[in-house]
Asks: 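Next up is a structure, given as C-alpha cells.
Index from 1, following the sequence. Just so it is clear, the values below take in all heavy atoms, side chains as well, and ignore hydrogens, waters and symmetry mates.
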Amino acid sequence: MSLLALSLDDAIQPRFLQIAMAIKHCIHSGQLEPGERLPSTRTLAKQIGSHRHTVMSAYQELIAQGWLSASERKAYTVNLHLPIESSQMLSQTQHHITSPFQWLFSPRMLATVKNKSQVQRPAHEFQFNFAGGQADLNLFPFHHFKAFMNQTLVRPDLSELHYGSGIGSALFIEQVSRYLRKTRGIQDKTIIAVNGSQEALYLLSQVLINSGDHVAVEALGYQPAWQAFRAAGAILVPIKQHKQGIDIKELTALAERQKLKLIYLTPLHQYPTTVTLPVAERMAIYQLAAKHNIAIIEDDYDHEFHYDSQPLSPMASDDPHGLIIYLATFSKIMFPGSRLGIMAIDKTLAPALLAYRQLMNHKPNVLMQQAVAKWMLSGGFERHLRKMTKIYHQRRDHLVSMLMTYNQQSLNPLHFIIPAGGMALWIEVGDKAETLETYCHQNNIYLLSEKHFQLTPHTSPNHHIRIGFAGMNEATLQQGMNLILNVIDTLATPLE
C-alpha cells in the first residue's frame with residue numbers, strides 16, 4: 001500500500017497523536033482492514049508533510065495499543081485481532097427529546113441532577129480502569145459468600161421481611177455496631193442501614209437543609225455529595241486546601257461571618273487528594289462546629305484500606321456534642337452492586353431521617369444485610385479485609401515503584417505523595433492533565449483529571465490526575481500505566 005487518505009485533526013496535540021487517531025479512524029471506518037499493509041513511514045511522512053520519526057512514533061503508539069503489528073524488516077500491518085472497544089456507543093447521536101417532560105432536560109435541571117462534564121461511558125467498560133475507588137471484583141469470595149446468602153434464604157427471619165422499621169436488620173445493626181466499636185471507637189450512636197452512601201447523603205440533605213442554607217465543602221471533593229446538597233437548595237461554599245487537608249483558618253473565618261448549616265469532610269483519605277487530616281486540625285474543626293452549632297458529615301468511604309500504620313480514629317469516635325454524622329459503605333469492601341452502607345448518627349436525629357425515608361424507600365435490602373451479618377459473625381468478613389488490604393498495599397507499592405523509576409529517567413518528573421492508605425494516587429502532571437485525560441478516554445483508558453473534583457472548575461487549575469490502583473492486577477496496572485507514562489513523556493518533550 002503506497003497511499004492512505006488521512007483526516008488530521010489539528011486540535012489533537014502533539015502531531016504524532018493526530019496521525020495515530022486518524023489511522024484509528026481509518027480502521028474503524030473499514031478503510032483499513034485487518035491484515036492490510038500501511039504505507040512505509042517515509043512514504044506517509046512525505047504524503048502528509050511530516051517528519052518520518054513522527055510517523056514512526058504514531059505507528060509505535062498504535063502497536064502498543066494493539067491496533068497495528070510489525071516485525072523486523074517487514075511492513076506495518078493492521079492487527080488481525082483488534083482491541084475490543086465500545087467507542088461506537090459514544091458516537092451514537094441522541095434523538096431530539098419530544099415528551100411532556102421535556103422541561104426536565106433544561107440546563108438548570110441537568111445541572112441539578114448530574115455533572116455534564118463527567119464521562120458518560122461507565123469506567124468498568126474501559127480496558128484499563130484507573131477509577132479511584134474501584135475494588136477488584138475478581139477477588140471477591142462469591143462462592144464463600146454464597147453460603148451466607150443460602151443460609152438467609154433457607155432460614156429467613158420472616159419478621160424482618162415485612163414492612164416495618166427502616167433502621168435495618170437487627171442482626172446487621174448488631175454486627176456493624178460491634179465492628180465500629182472495636183475497629184473505629186464509635187459508640188453511643190444510632191446505626192441506620194442505607195442503600196449506599198449516596199442514599200444517606202440524599203436523606204441527610206432533604207432533612208437537614210433548607211433552600212439557601214450554606215454548606216462548607218472541600219474545594220476539591222466528591223461531586224455526588226455536592227449534587228445531593230444542591231438538590232436540597234444548598235449554597236455550597238468551597239474551603240481551600242493545603243498539603244494536610246482543609247484550611248481551618250479559612251473555615252473559621254467563614255463560620256464567623258455567616259451561618260453554616262453543615263460541613264462535609266473526607267478527613268482520612270481526603271477525596272480526591274488522599275491526604276489525611278491531622279488530629280490538631282480535626283480538633284479545631286470540631287471546636288468550631290460546637291461553638292457555632294454546625295453539623296459535620298464525616299464520609300469515611302475507604303477506612304479499611306490503610307497500609308503504613310493504624311489509621312486515625314474517625315472524628316465520630318470523640319463526639320460529645322453529637323454533631324457528627326458518620327457515613328461508611330460496603331461498596332469498596334464488596335462491590336458497588338451490593339448497595340449497602342451505614343449512617344452512625346446521634347439518636348435525636350434518627351426519627352426525622354426514618355420518617356423521611358418512609359416517603360421514598362421503606363427499608364434497605366434485608367436479605368443482603370442478613371447475609372453480610374452472618375458473614376461478619378463467621379469471621380469471614382475480617383479475613384477478606386486482611387487479604388484485600390495486603391493486596392492493595394502491594395499494588396500501591398508497585399505503582400509507586402513505577403513512578404519513581406519513571407522520575408529517575410525523565411527530565412520532567414511527576415510530583416506525588418505516597419498515601420498512607422486508600423485506593424488511589426493524586427499525581428501532578430501540570431498543564432498536560434486535560435490533554436492526557438482526553439487522549440486516555442479516546443484510547444480505552446479511564447482516568448479523571450482534577451477538573452472533575454473541583455467545585456469551580458472554570459476558575460481553577462487543572463494540573464492533577466487521580467490514578468486508582470486497586471481494581472487491576474499488577475500486570476494490567478503496569479500495562480495501562482506504561483501507556484499513560486508514554487503519553488506524559490511525549491507531551492513533555494514533543495518530537496516537533
Side-chain angles (χ1 to χ4, degrees), residues 164-210 213 215-217 222 224-226 228-229 231-232 234 260-268 282 285-290 292-303 312-331 339-366 369 372-373 376:
S165 172
I167 200 167
S169 163
L171 182 61
F172 177 74
I173 298 300
E174 176 188 323
Q175 289 302 308
V176 168
S177 298
R178 178 176 178 271
Y179 177 70
L180 292 180
R181 173 175 53 81
K182 288 179 59 180
T183 64
R184 307 187 193 182
I186 295 177
Q187 303 182 67
D188 302 323
K189 286 190 176 290
T190 297
I191 308 298
I192 298 178
V194 289
N195 293 307
S197 59
Q198 191 61 30
E199 182 185 70
L201 287 164
Y202 179 78
L203 283 170
L204 291 165
S205 299
Q206 295 300 313
V207 170
L208 298 178
I209 296 173
N210 296 313
D213 283 344
V215 175
V217 300
Y222 186 53
W226 299 344
F229 301 147
L260 291 177
K261 193 64 167 287
L262 281 174
I263 301 171
Y264 174 76
L265 297 173
T266 53
L268 182 59
R282 296 178 184 217
I285 291 172
Y286 188 85
Q287 291 166 2
L288 179 69
H292 296 281
N293 197 31
I294 308 168
I296 298 172
I297 297 180
E298 180 180 14
D299 193 342
D300 201 7
Y301 62 96
D302 63 357
H303 182 101
L312 289 179
S313 295
M315 294 175 67
S317 65
D318 185 14
D319 181 20
H321 299 286
L323 297 172
I324 297 179
I325 300 162
Y326 181 81
L327 307 184
T329 176
F330 284 76
S331 296
R339 303 318 306 137
L340 189 57
I342 61 100
M343 288 189 285
I345 61 176
D346 187 79
K347 62 182 180 181
T348 59
L349 178 58
L353 284 172
L354 293 174
Y356 188 86
R357 170 181 241 169
Q358 293 291 325
L359 300 177
M360 54 176 286
N361 177 19
H362 283 283
K363 60 193 340 179
N365 188 326
V366 171
Q369 290 178 64
V372 170
M376 296 176 79

Asks: When Ile192 is tested against each of Ile167, Ile342, Val176 for side-chain contact (heavy atoms from CB on, under 4.5 Å), which residue passes?
Replies: Ile167

Asks: Going from OG1 on Thr329 to CG on Asp300, what distance comes out if it is rounded to the nearest 0.5 angstrom?
Replies: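 It comes to 11.0 Å.
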
Asks: Quick one: CG on Asp346 to CG on Leu349, what's the gap to the nearest 0.5 Å?
Replies: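 Interatomic distance, Asp346 CG to Leu349 CG, rounded to 0.5 Å: 7.5 Å.
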
Asks: Under the side chain to side chain contact (heavy atoms under 4.5 Å, CB included) rule, what do Leu312 and Arg282 come out as? Steps first, then yes or no, please.
Replies: CA-CA 11 Å; Leu312 289 179; Arg282 296 178 184 217; 3.7 Å; yes

Asks: Which of these, Ser317, Pro314, Ser313, sits in a side-chain contact (heavy atoms from CB on, under 4.5 Å) with Arg184?
Replies: Pro314

Asks: Would you say Val372 and Met376 make side-chain contact, with heavy atoms under 4.5 Å?
Replies: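 SC-SC contact between Val372 and Met376 confirmed.
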
Asks: Where is the tightest heavy-atom contact between Gly168 and Ala193, given as atom of each residue plus distance?
Replies: CA-CB, 4.1 Å

Asks: If you round to the nearest 0.5 Å, how far is OG of Ser177 from NZ of Lys189?
Replies: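 Lys189 NZ to Ser177 OG: 12.5 Å, rounded to 0.5 Å.
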
Asks: Taking the basic N atoms (NZ, or NE/NH1/NH2) and the acidic carboxylate oxygens, is any pair closer than 4.0 Å for Arg339 and Glu199?
Replies: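 Between Glu199 and Arg339 there is no salt bridge, as every charged N stays at least 4.0 Å from the carboxylate O atoms.
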
Asks: Between Leu353, Leu208, Asp319, Ile296, which is the residue that forms a side-chain contact (heavy atoms from CB on, under 4.5 Å) with Ile325?
Replies: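 Exactly one pass, corresponding to Leu208.
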
Asks: Kindly say whether Pro224 contributes a backbone atom to a donor-acceptor pair with the side chain of Gln198 at under 3.5 angstrom?
Replies: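 Flag set: sc Gln198 to bb Pro224 pair under 3.5 Å.
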
Asks: Do you know which two heavy atoms are closest between Ser169 and Gln369, and how far apart they sit?
Replies: N-OE1, 2.8 Å

Asks: So how far is it from Leu265 CG to Tyr222 OH, rounded to the nearest 0.5 Å?
Replies: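 Here the rounded value is 15.5 Å.
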
Asks: If every non-hydrogen atom of Pro364 is compared with every non-hydrogen atom of Gly166, which pair is closest and at what distance?
Replies: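 Distance-wise, the nearest heavy atoms are CD-O, 4.0 Å.
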
Asks: Kindly give the heavy-atom pair with the smallest separation between Asp299 and Pro267, and that separation in Å.
Replies: O-CD, 4.4 Å

Asks: Are side-chain heavy atoms of Leu203 and Arg357 found at a separation under 4.5 Å?
Replies: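 They are in contact (side-chain heavy atoms under 4.5 Å apart), so the answer is yes.
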
Asks: I'd like to check Tyr286 versus Asp318 (side-chain heavy atoms, cut-off strictly below 4.5 Å). Are they in contact?
Replies: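 No, too far: nothing below the 4.5 Å cut-off.
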
Asks: Rounded to the nearest 0.5 Å, how far does CG of Leu288 lie from CD1 of Ile294?
Replies: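 Here the rounded value is 5.0 Å.
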
Asks: Given 3.5 Å as the limit, does a donor-acceptor pair link the side chain of Gln206 with the main chain of Tyr356, or not?
Replies: no

Asks: Give me the atom names and distance for the closest heavy-atom approach of Ala289 to Leu323.
Replies: C-CD1, 3.8 Å

Asks: Quick check for you: to the nearest 0.5 Å, what is the distance between Ile345 atom CD1 and Ile297 atom CD1?
Replies: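 Result: 11.0 Å between the selected atoms.
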
Asks: Could you tell me whether the side chain of Glu298 and the main chain of Met315 form a donor-acceptor pair under 3.5 Å?
Replies: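 Such a contact is found between Glu298 side chain and Met315 backbone.
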
Asks: Relative to each other, are the rings of Phe229 and Tyr264 parallel, tilted or perpendicular (30° and 60° limits)?
Replies: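 Geometry flag for Tyr264 against Phe229: perpendicular rings.
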
Asks: So, for Ala373 and Leu171, which heavy atoms are closest and what is the spacing to 0.1 Å?
Replies: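 Here Ala373 and Leu171 meet closest at CB-CG, 3.6 Å.
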
